[in-house]
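Quick note: numbers below take in every heavy atom, side chains included, and nothing from hydrogens, waters or symmetry partners.
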Amino acid sequence: MRNLKLAIVLVVLLTPALLHAAFEVEGILKADIGSPILDVTTNPTEDMVFILTPGAVLIYSTDDQVVLDSIPVEKQFDRIAYQDSDRLVLTAAKPSRISIIHFSRIYDIDLSGRAVKGPRDAKVTLVVFDDYQ
């Protein structure tokens with residue numbers, strides 16, 4: 001009985017060493033930003049990466065591998081976090097400051113060949129997709 005207990009203990013102790021877990025790795029983002037990166041946060045539902053640099057937050061698309069836009073911020077901010085509802089929280093250690101930024105993504109809709117009423121350079125465009133069958 002004692003030998004059986006010893007064998008069970010040895011099997012339990014040695015099993016993790018015999019098991020080998022494998023991981024599949026895929027590179028998602030490789031970019032030359034061109035300025036020092038202070039901090040990074042992501043919006044996983046939109047595949048966007050927010051890169052805090054001195055004086056700006058760069059919004060980077062992992063799908064298109066391009067900078068979509070840049071949000072100017074004060075240079076003392078050194079940390080960034082993504083919060084639900086499309087908000088970025090910026091903090092600075094010295095001087096001790098916090099700033100919360102709300103952003104909205106603007107999508108371009110191609111209206112060529114569509115019925116349009118009003119000036120082409122209007123700030124707001126309403127598009128109605130209807131099916132009159």
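- Heavy-atom minimum distance, Pro54 versus Pro36: CD-O, 3.3 Å.
- Scanning both residues, Ser70 and Leu58, for their nearest heavy atoms gives OG-CD2, 3.7 Å.
- Evaluation of the side-chain hydrogen bond (donor to acceptor under 3.5 Å, both in side chains) rule for Arg97 yields Glu74 as partners, not counting sequence neighbours.
- Checked against side-chain contact (heavy atoms from CB on, under 4.5 Å), Ile37 has the following partners two or more places apart in sequence or in another chain: Ile33, Val40, Ile51.
- Every residue was checked against the side-chain contact (heavy atoms from CB on, under 4.5 Å) condition with Pro72, not counting sequence neighbours, and none meets it.
- When hydrophobic side chains of Ile, Leu, Val, Met, Phe, Trp and Tyr are connected at separations under 4.5 Å, Phe77 ends up clustered with Leu38, Met48, Phe50, Leu52, Val57, Ile59, Val66, Leu68, Ile71, Val73, Ile80, Tyr82, Leu88, Leu90, Ile101, Phe103.
- For residues 79-91, no residue pair satisfies the salt bridge (charged side-chain N to carboxylate O under 4.0 Å, His left out) rule, not counting sequence neighbours.
- Annotation: salt bridge (charged side-chain N to carboxylate O under 4.0 Å, His left out) contacts involving residues 49-72, sequence neighbours excluded, are absent.
- The side-chain hydrogen bond (donor to acceptor under 3.5 Å, both in side chains) check on Gln83 picks up nothing, with sequence neighbours excluded.
- With sequence neighbours left out, Thr45 forms a side-chain hydrogen bond (donor to acceptor under 3.5 Å, both in side chains) with Asn43.
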